[in-house]
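Presented below is the structure to which this report refers.
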Amino acid sequence: MATIKPYLRLSGLEPLVVRPETNFVNVGERTNVTGSKKFARLVRENKYEEALSVARQQVENGAQILDVNMDDALLDGVQAMTTYLNLLQSEPDIAKIPIMIDSSKFEIIEAGLKCVQGKCIVNSISMKEGVEKFKEQAIICQAYGAAVVVMAFDEAGQADTLQRRVDICTKAYDILVNKVGYDPQDIIFDPNIFAVATGLEEHNNYAVDFIEATRIIKQRMPLAKVSGGVSNLSFSFRGNDHVREAMHSVFLFYAIKAGMDMGIVNAGQLVVYDEIEPELRQLCEDVILNRNNDNNQATEKLIAFAETVKAKGKAEVKDEAWRNTSVEERLKHALVNGITDYIEADTEEARQKYPKPLDVIEGPLMAGMDVVGDLFGSGKMFLPQVVKSARVMKKSVAVLTPFIEAEKEERRQAHLAAGTVNEEGAGAAKVLMATVKGDVHDIGKNIVGVVLGCNGYDVIDMGVMVPADKILDAAQKENVDIIGLSGLITPSLDEMVHVAHEMKRRGMNQPLLIGGATTSRMHTAVKIAPAYDNGVVHVLDASRSVTVAGSLLSKEQKPEFLSGIKTEYEKLKKDFEGKKTAKQYLSFKEAQQNKVKINWSNYQPPVPTFTGTKVFDNFDLNELRNYIDWQPFFIAWEMHGKFPAILSDSVIGAEATKLYNDANALLDKIISEKWLTAKGVVGFWEASASDDDTIEVKSQKSKVKLESLRQQVKKAEGQPNIALSDFIKPASGNEHPDHIGAFSVTIQGIDEHIKRFQEQHDDYNKIMLQALADRLAEAFAEYLHEKTRKELWGYAKDENLTNEQLIKESYQGIRPAPGYPACPDHTEKYKLFQLLGGEETTGIHLTESLAMYPAASVCGWYFSHPQSQYFGVGKIQQDQLQDYARRKGMSMDEATKWLRPILE
């Protein structure tokens, strides 16, 4: 009996056997809603019969396998995949080739597996959700007899180096072959093809690493196959098909030599390697093989060539007259206008001209920054421009630093030889800044740091989640002049009080600055200032920080400034104490008798389309950008005004427009190069309200009790004292049970890009990226709430609101978040995340103060009742605190700690 050779054997109506002598296998890519606008449009319009023509064209153009992908946020992916594959199977001229079922959602893959005849490929599975999930999905694929594409992806993220590509593929192979029992020839690795020629040095070796990883994988695991999405390689040249096609052909020429077996390509758009014009082929090889590419020279040459064949766009004419002025004027012009193009060369020229490198900083650079400070202080320059100026300054200082350090070492050695003491000057005033323990938000702190740095201060930024002792140890070690604390979540307020107490205990004398979204002048006056005697000042925004710091560091101004602050804060505290007795409150029992009046007997709650959770993984950022509320983005940059009117404002319109354009350019890059990934989770469960303000949630695993807080302030006649439990149907009879929903969204992957911008001394793009990540998280929350209302819960199917109406919350239902006015107790987040599946499912880590990490994360509850509304609990009394502590199973001390901001 003949032995069956271990080849990859696939089939549609006809077999496809991939032998060692088989040429490269083309996987047709156009039947993919994320890769073909035409195909996506036809599917969205339910023109599935017409969409078959796209598949037929791919087969006619030489595709040997057909990749089908239905991952679109506005599609029911399971239904779309099922419908299309069933139709496709009845077309013999298409169904003759094998199908590659392509999705990031395994439920869609499983739906596809039930439809195809013959032996297909699943694209893809990976270890990104852990080994156990990987094995579980592999076993299902094996049961259907499918070959699998395995992405080089684990819980730490996509493999982007040679070593990680090889390590992840080796580990996956061992699991599949030795633990799951997969045939080695049915394993296809995708070691990740990423974009090259992006202008970033760290991307230059991506193609080389893929090719080398392919070579090693084929040596170690000879029966396995290697594939990849070839079009990713040329994302930097989207819109220029001539260059993209040449890049794909050159890449495949070398990758196939290394052992690449197949790839997802547009079969009709591959040029023959030998027919690429020699100059373009040479340029493509230099970029792809990362040769002759020091300082991105090869990249720049290919970009220049691409412009000669791109028949659109006009060159921007730049006014370069300033380049003919003195080096001092050029440095000033660069600083004021935020131009980095020539800063290294101009700085070096100034260094050669001045006796010491420090003279360049103290002379022309500080002179330029003085102009920036004056313009900013007088309102003629705005925060985004200041941050750009800081980027220029940092790049210039980075050029000078090695020479300054070398001079210091020379002086040190000279003093050692002479046996004398080396006394360096005190230098600039030092400001230490930190986001307090348990809090991860630092955009505002970063902006203040940049503004202070632009005004000559030496800023020591300790980052986020910094414990009190670490802050104060560093302050004493560095002998700083000012300490600044930042925080966004309400528990951070208590931590700031703790830091102030510790400063007093240690006998410190530095002034303490307080800032951040959750802070206020009133809280600072009432809670923080009494804990420390040597100056506590609330700073409203970055533009005030310079004035405050200057007053605190001036021997002449400091006494009078602090005396004024102390008098002001004592008055605020006295006024606050007086207001305590001014408001009238109901007893907790009376407040409970004044609930929102809802006629439950005539109400039939809407039923969600599922119970349990649904994960939205690697969600399309292009979709989310349509839901961005831009107004908070401008507020983060301290530019106030309604959007889009701010773009045409007579004072700040021009700079707001530049900022908006820069933001969208960076957003384009984030999306095309896949810097960030969006992950969301939505869940629904049966729920009922009890008389004691508790919502009982019935999940598949257990019952969870959500505790709500009720308004206690005495209201006008007919006005209710609201609690969230009022909007859930009571537990009398279960024939039509009510439901509650929950969601979480997060934007992941920011850290490596923040680190890169820091290394490049680019605060402008660092802050821009953080602000955009926050906006994308909020946009994702907006999108999922809309999808919940119209589809997932479906209680407002006919809703048709504009983005402006969504921002104004003109919809039925609410999505209150734990820690915010309607449910101010952060500890309810534990229950929310328990219901959603925890950190493993949501991708969000809760800090000890219950901040969410990554910082660009949002979570909340979903209520559907038409009378549900946003509200603030306001202050509560001791009787409710005691009842709440009892219901939560907390001590009074712990309940007081978490609810302190709302205690009367």
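What's counted below: heavy atoms across the whole structure, side chains too, no hydrogens, waters or symmetry copies.
- Checking side-chain atoms of Gln711 against main-chain N and O of Ile722 turns up a donor-acceptor pair under 3.5 Å.
- From Leu903, atom CG reaches atom CD of Gln878 across 6.5 Å, with rounding to the nearest 0.5 Å.
- Ile528 CD1 to Leu493 CG: the interatomic distance, rounded to the nearest 0.5 Å, is 6.5 Å.
- In this structure, Phe634 and Phe643 have parallel ring planes: the angle between them is below the 30° cut-off, well short of the 60° mark.
- Closest approach of Arg710 and Ser725 over heavy atoms only: NH2-OG, 3.9 Å.
- If you take CZ on Arg391 and CZ on Phe757, they are separated by 9.0 Å, rounding to the nearest 0.5 Å.
- The nearest pair of heavy atoms linking Leu562 to Asn534 is CD1-O, 4.2 Å.
- A salt bridge links Asp575 to Lys571: at least one charged side-chain nitrogen sits closer than 4.0 Å to a carboxylate oxygen.
- A salt bridge does not link Lys766 with Asp762: none of the charged nitrogens is closer than 4.0 Å to a carboxylate oxygen.
- Among all heavy-atom pairs drawn from Leu335 and Ser389, the shortest one is O-OG, 2.5 Å.
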Open item on the list: I'd like to know whether Asp893 forms a side-chain hydrogen bond (donor to acceptor under 3.5 Å, both in side chains) with Ser891, so could you lay out the CA-CA distance, the side-chain angles of the two residues, the decisive distance to 0.1 Å, and finally the verdict.
Closed with: CA-CA 5 Å; Asp893 284 347; Ser891 68; 5.4 Å; no
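- Side-chain contact between Leu724 and Phe871: present, with at least one pair of heavy atoms (C-beta onward) separated by less than 4.5 Å.
- Checked against His785 for a ring pair (Phe, Tyr, Trp, His ring centres under 6.0 Å), the options Tyr627, Phe743, Tyr862, Phe780 give a single hit: Tyr862.
- Under the 4.5 Å side-chain criterion, counting only non-hydrogen atoms from C-beta, Leu472 is in contact with Ile483.
- The 12-atom threshold is not exceeded at NZ of Lys566, counting heavy atoms of other residues, nucleotides or ligands nearer than 6.0 Å.
- Taken from NE2 in His538 to CD1 in Ile565, the straight-line distance is 11.0 Å, to the nearest 0.5 Å.
- Asp629 places no side-chain N or O within 3.5 Å of a backbone atom of Ala779 that could act as its donor or acceptor partner.
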Open item on the list: Could you go through Leu846 and Lys829, starting from their C-alpha distance and side-chain angles, then the distance that decides it, and tell me whether this counts as side-chain contact (heavy atoms from CB on, under 4.5 Å)?
Closed with: CA-CA 9 Å; Leu846 294 177; Lys829 279 183 195 158; 4.2 Å; yes
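- Contact annotation: the side chain of Leu572 never approaches that of Val526 to less than 4.5 Å [non-hydrogen atoms, C-beta and beyond].
- For the pair Tyr870 (side chain) and Arg815 (backbone), a donor-acceptor distance under 3.5 Å is present.
- At distances below 3.5 Å, at least one donor-acceptor pair connects side-chain atoms of Gln712 with backbone N or O atoms of Gln877.
- At distances below 3.5 Å, not a single donor-acceptor pair connects side-chain atoms of Asp481 with backbone N or O atoms of Val431.
- Between Ile844 and Cys859 the shortest side-chain heavy-atom distance does not fall below 4.5 Å.
- The environment of Arg756 atom CZ is dense: over 12 non-hydrogen atoms of other residues, nucleotides or ligands sit within 6.0 angstrom.
- Met890 approaches Trp898 most closely through the heavy-atom pair CE-CD1, 4.2 Å.
- A salt bridge does not link Lys573 to Glu570: none of the charged nitrogens lies less than 4.0 Å from a carboxylate oxygen.
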Open item on the list: Asp494 vs Arg900, test: salt bridge (charged side-chain N to carboxylate O under 4.0 Å, His left out). Steps then yes/no.
Closed with: CA-CA 8 Å; Asp494 281 348; Arg900 187 173 281 116; 2.7 Å; yes
Task: Derivation of the salt bridge (charged side-chain N to carboxylate O under 4.0 Å, His left out) call for Arg506 and Asp473 - done: CA-CA 10 Å; Arg506 292 190 183 203; Asp473 287 348; 2.8 Å; yes
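- With rounding to the nearest 0.5 Å, the separation of NE2 in His523 from CD1 in Ile514 is 9.0 Å.
- Two residues are said to be in side-chain contact when any heavy atoms from C-beta on lie closer than 4.5 Å; Ile740 and Phe727 fail this criterion.
- Residues Ala773 and Ile750 share a closest heavy-atom pair of CB-CD1, 3.8 Å.
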Open item on the list: Working note: Ile471 + Leu485, criterion side-chain contact (heavy atoms from CB on, under 4.5 Å); need CA distance, chi angles, decisive distance, verdict.
Closed with: CA-CA 9 Å; Ile471 293 170; Leu485 303 180; 3.9 Å; yes
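- Using modelled atom types, one side-chain atom of Lys831 and one backbone atom of Lys705 make a donor-acceptor pair closer than 3.5 Å.
- Under a cut-off of 6.0 angstrom, the local environment of NZ in Lys679 is crowded, with over 12 non-hydrogen atoms contributed by other residues, nucleotides or ligands.
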TODO: Given side-chain contact (heavy atoms from CB on, under 4.5 Å), test Phe561 with Thr547 step by step and report yes or no.
DONE: CA-CA 11 Å; Phe561 177 74; Thr547 307; over 6 Å; no
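- In this structure the side chain of Met393 reaches within 4.5 angstrom of the side chain of Met366, judged on heavy atoms.
- Just one residue in the list Lys504, Arg505, His498 forms a side-chain hydrogen bond (donor to acceptor under 3.5 Å, both in side chains) with Glu502, and that residue is Arg505.
- Without hydrogens or angle criteria, Glu828 side chain to Asp825 main chain gives no donor-acceptor distance under 3.5 Å.
- Taking OH from Tyr585 and CD from Gln880, the interatomic distance works out to 11.5 Å, rounded to the nearest 0.5 Å.
- In this structure the side chain of Trp861 reaches within 4.5 angstrom of the side chain of Leu835, judged on heavy atoms.
- Listed for the Lys875 side chain is a donor-acceptor partner under 3.5 Å among the backbone atoms of Pro901.
- Environment of CD in Glu478: crowded, with over 12 heavy atoms of neighbouring residues, nucleotides or ligands closer than 6.0 Å.
- For Asp879 (side chain) and Phe588 (main-chain N/O), a donor-acceptor pair under 3.5 Å exists by modelled atom type.
- Heavy atoms only, all atoms of each residue included: Asp693 and Arg887 are closest at O-NH1, 3.4 Å.
- In this structure, the side chain of Asp726 engages the main chain of Val596 through a donor-acceptor pair within 3.5 Å.
- When side chains are defined from C-beta on, Arg886 counts as touching Asp883, because their heavy atoms get closer than 4.5 Å.
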Task: Intermediate values then yes/no, side-chain contact (heavy atoms from CB on, under 4.5 Å), Met852 and Thr746 - done: CA-CA 9 Å; Met852 291 178 285; Thr746 187; over 6 Å; no
